[in-house]
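Report on one structure; see the data block that follows.
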Amino acid sequence: MSNSIVTACRTNLFGNPFFTNAKCESQVSPTRTIAAAAPEETSCEFGSLKYYALCGFGGLLSCGLTHTAVVPLDLVKCRIQVDAAKYGNIVKGFKVTLAEEGVRALGKGWAPTLVGYSMQGVGKFGFYELFKIFYSGMLGEENTYLWRTSLYLAASASAEFFADIALCPMEAIKVRIQTQPGWSTTLREGFPRILKEEGVSGFYKGLVPLWARQIPYTMMKFACFERTVELLYKNVVPKPRSECTKGEQLVVTFAAGYIAGVFCAIVSHPADTIVSKLNQKKGSNFIDIAKSLGLMGMWKGLVPRIIMIGTLTALQWFIYDSVKVAFRLPRPPPPEMPESLKRKLGVN
């Protein structure tokens with residue numbers, strides 16, 4: 001399989017247009033014909049194991065750090081979802097939490113958040129790069145361009161499926177710490193407690209609703225981001241990407257990430273509410289929680305989640321792209337219509 005992936009990455013639309021058959025620590029091919037900024041040395045071959053490993057590391061930092069940074073907002077959001085009468089809205093939620101438990105309460109659940117979303121980030125971004133290249137190789141250059149949105153959706157859904165298996169145990173612990181008064185307050189206490197009381201299945205009772213929340217979220221996150229970047233360079237940025245500095249490119253990344261984050265929050269919020277309620281109530285299931293909440297109840301806490309997810313998604317893409325820049329990973333520009341397809345369609 002690894003050989004097919006490497007072969008695919010050399011021939012697919014997402015291959016780096018600045019070199020061919022590049023080797024790790026090698027210079028860009030001097031025979032390239034595409035006009036761009038000054039030749040840039042890359043640290044490894046596009047689609048190599050080193051490339052995927054560093055992408056996974058970028059995902060670890062981007063997801064682990066950002067989710068941990070917004071734990072206070074996440075805590076209030078979860079409490080609004082499980083007890084709207086008490087916590088009301090974001091302002092009231094913070095006031096009630098601070099009045100009852102003090103400032104330290106805002107950090108509840110930081111450890112499982114850091115561990116869980118770091119592991120999820122490795123799978124989310126690392127596998128996305130792998131699946132995007134692999135599916136592109138299966139489609140071929142022309143179909144990759146024509147169906148690129150579908151490819152982004154398929155690759156991100158495939159990646160998130162595996163990433164959530166790593167996240168689910170930590171998510172179960174986090175939600176219980178944040179929403180069940182008197183329950184264990186640390187990861188060190190919470191993990192063995194669930195294992196003892198409910199067994200391994202206790203960590204995964206929320207896996208299906210987690211998939212229902214995270215897979216649509218991630219599909220929107222990646223597809224919307226990819227297409228927004230493409231549109232920004234085409235219609236907003238006054239010069240080609242190849243002429244933009246690294247800093248300018250990262251600004252575009254941040255803007256596209258925030259736009260994607262807003263849509264992500266809206267698409268995935270009902271399932272997020274169900275996950276919060278599911279881990280609060282023992283013996284409950286996905287359908288029972290959905291019925292008890294009702295249509296309107298599933299949208300409680302949407303405003304803080306839009307603020308949280310918009311900022312979070314923008315920072316994630318910014319950190320992820322910054323890691324690629326720092327480690328000199330190949331960063332292909334937005335896809336352009338292949339010359340063979342232009343000839344077929346009569347496009348100049």
Side-chain angles (χ1 to χ4, degrees), residues 12-14 55 58-59 62-63 66-67 70 77 117 120-121 123-136 139 143-164 167 210-237 241 244 248-273 299 302-324 331-337:
N12 81 84
L13 185 61
F14 298 101
C55 286
S62 68
C63 291
T66 53
H67 277 277
V70 296
K77 180 266 301 179
Y117 281 94
Q120 185 218 31
K124 183 195 293 279
F125 284 91
F127 279 121
Y128 174 70
E129 297 286 354
L130 187 151
F131 281 117
K132 186 169 73 168
I133 290 172
F134 184 68
Y135 292 157
S136 176
L139 290 172
N143 286 331
T144 290
Y145 178 80
L146 292 173
W147 300 343
R148 60 194 182 282
T149 301
S150 298
L151 184 145
Y152 301 145
L153 293 170
S156 56
S158 300
E160 189 62 36
F161 177 87
F162 294 103
D164 286 346
L167 169 63
L210 188 64
W211 275 331
R213 181 189 81 184
Q214 289 296 132
I215 290 178
Y217 162 84
T218 300
M219 291 169 72
M220 181 65 73
K221 174 179 179 176
F222 283 86
C224 185
F225 172 81
E226 298 271 20
R227 293 309 301 262
T228 301
V229 166
E230 187 177 335
L231 290 173
L232 287 177
Y233 279 115
K234 183 178 180 180
N235 301 308
V236 179
V237 180
R241 180 182 182 271
C244 294
E248 290 169 336
Q249 292 176 18
L250 290 175
V251 169
V252 174
T253 294
F254 184 87
Y258 206 99
I259 293 170
V262 172
F263 287 100
C264 289
I266 295 171
V267 166
S268 62
H269 189 73
D272 180 67
T273 303
W299 294 99
L302 178 60
V303 173
R305 191 156 192 269
I306 285 177
I307 297 171
M308 182 182 78
I309 296 298
T311 305
L312 189 119
T313 304
L315 288 173
Q316 283 180 357
W317 279 113
F318 184 85
I319 293 170
Y320 181 65
D321 221 21
S322 295
V323 169
K324 282 189 169 183
R331 297 168 62 242
E336 296 182 359
M337 184 180 293

Tell me, do [X] and [Y] make a side-chain contact under 4.5 Å, heavy atoms counted?
X: Arg241; Y: Glu248; answer: no
X: Thr228; Y: Leu231; answer: no
X: Phe131; Y: Phe161; answer: no
X: Phe125; Y: Phe222; answer: yes
X: Val323; Y: Ser62; answer: no
X: Met219; Y: Glu160; answer: no
X: Val70; Y: Thr311; answer: no

Restricting to non-hydrogen atoms, name the atom on [X] and the atom on [Y] that form the minimum distance, rounded to 0.1 Å.
X: Tyr135; Y: Ser158; result: OH-OG, 2.9 Å
X: Lys221; Y: Ala260; result: O-CB, 3.8 Å
X: Leu312; Y: Thr66; result: CD1-O, 3.5 Å
X: Cys55; Y: Glu129; result: SG-CG, 3.8 Å
X: Ala159; Y: Gly123; result: CB-O, 3.9 Å
X: Pro335; Y: Glu230; result: CG-OE1, 4.1 Å

Is [X] reaching over with its side chain to a backbone N or O of [Y], donor-acceptor style, under 3.5 angstrom?
X: Ser136; Y: Thr144; value: no
X: Gln249; Y: Cys244; value: yes
X: Thr313; Y: Gly310; value: no

- Task: Start with the C-alpha distance between Trp147 and Leu151, add both sets of side-chain angles, then the distance that settles side-chain contact (heavy atoms from CB on, under 4.5 Å), and finish with yes or no.
- Result: CA-CA 6 Å; Trp147 300 343; Leu151 184 145; 5.7 Å; no
Euclidean distance, [Y] [atom2] relative to [X] [atom1], rounded to 0.5 Å:
X: Ile215; Y: Asp164; atom1: CD1; atom2: CG; result: 6.0 Å
X: Arg331; Y: Thr253; atom1: CZ; atom2: OG1; result: 6.5 Å
X: Phe162; Y: Leu167; atom1: CZ; atom2: CG; result: 15.5 Å
X: Cys264; Y: Ile259; atom1: SG; atom2: CD1; result: 12.0 Å

- Could you tell me how the ring of Trp317 sits relative to the ring of Tyr320: parallel (under 30°), tilted (30 to 60°) or perpendicular (over 60°)?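 The arrangement is perpendicular - the two ring planes meet at more than 60°.
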- State whether a side-chain donor-acceptor pair under 3.5 Å links Thr218 with Tyr128.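 Result is no, nothing qualifies.
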- Message: Salt bridge check, Lys132 against Glu226: does any charged N sit closer than 4.0 Å to a carboxylate O?
- Response: yes
- Task: Would you please indicate if the ring centroids of Phe318 and Tyr258 are separated by under 6.0 Å?
- Result: no
- Task: Can you establish whether the number of heavy atoms outside Phe127 located under 6.0 Å from its atom CZ is more than 12?
- Result: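 No.
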- Item | Worked check of side-chain contact (heavy atoms from CB on, under 4.5 Å) between Leu232 and Val229 | CA-CA 5 Å; Leu232 287 177; Val229 166; 5.6 Å; no
- Decide side-chain contact (heavy atoms from CB on, under 4.5 Å) for Ile306 and Ile266; before the verdict, give the C-alpha distance in whole Å, the side-chain angles of both, and the deciding distance to 0.1 Å. CA-CA 7 Å; Ile306 285 177; Ile266 295 171; 4.2 Å; yes
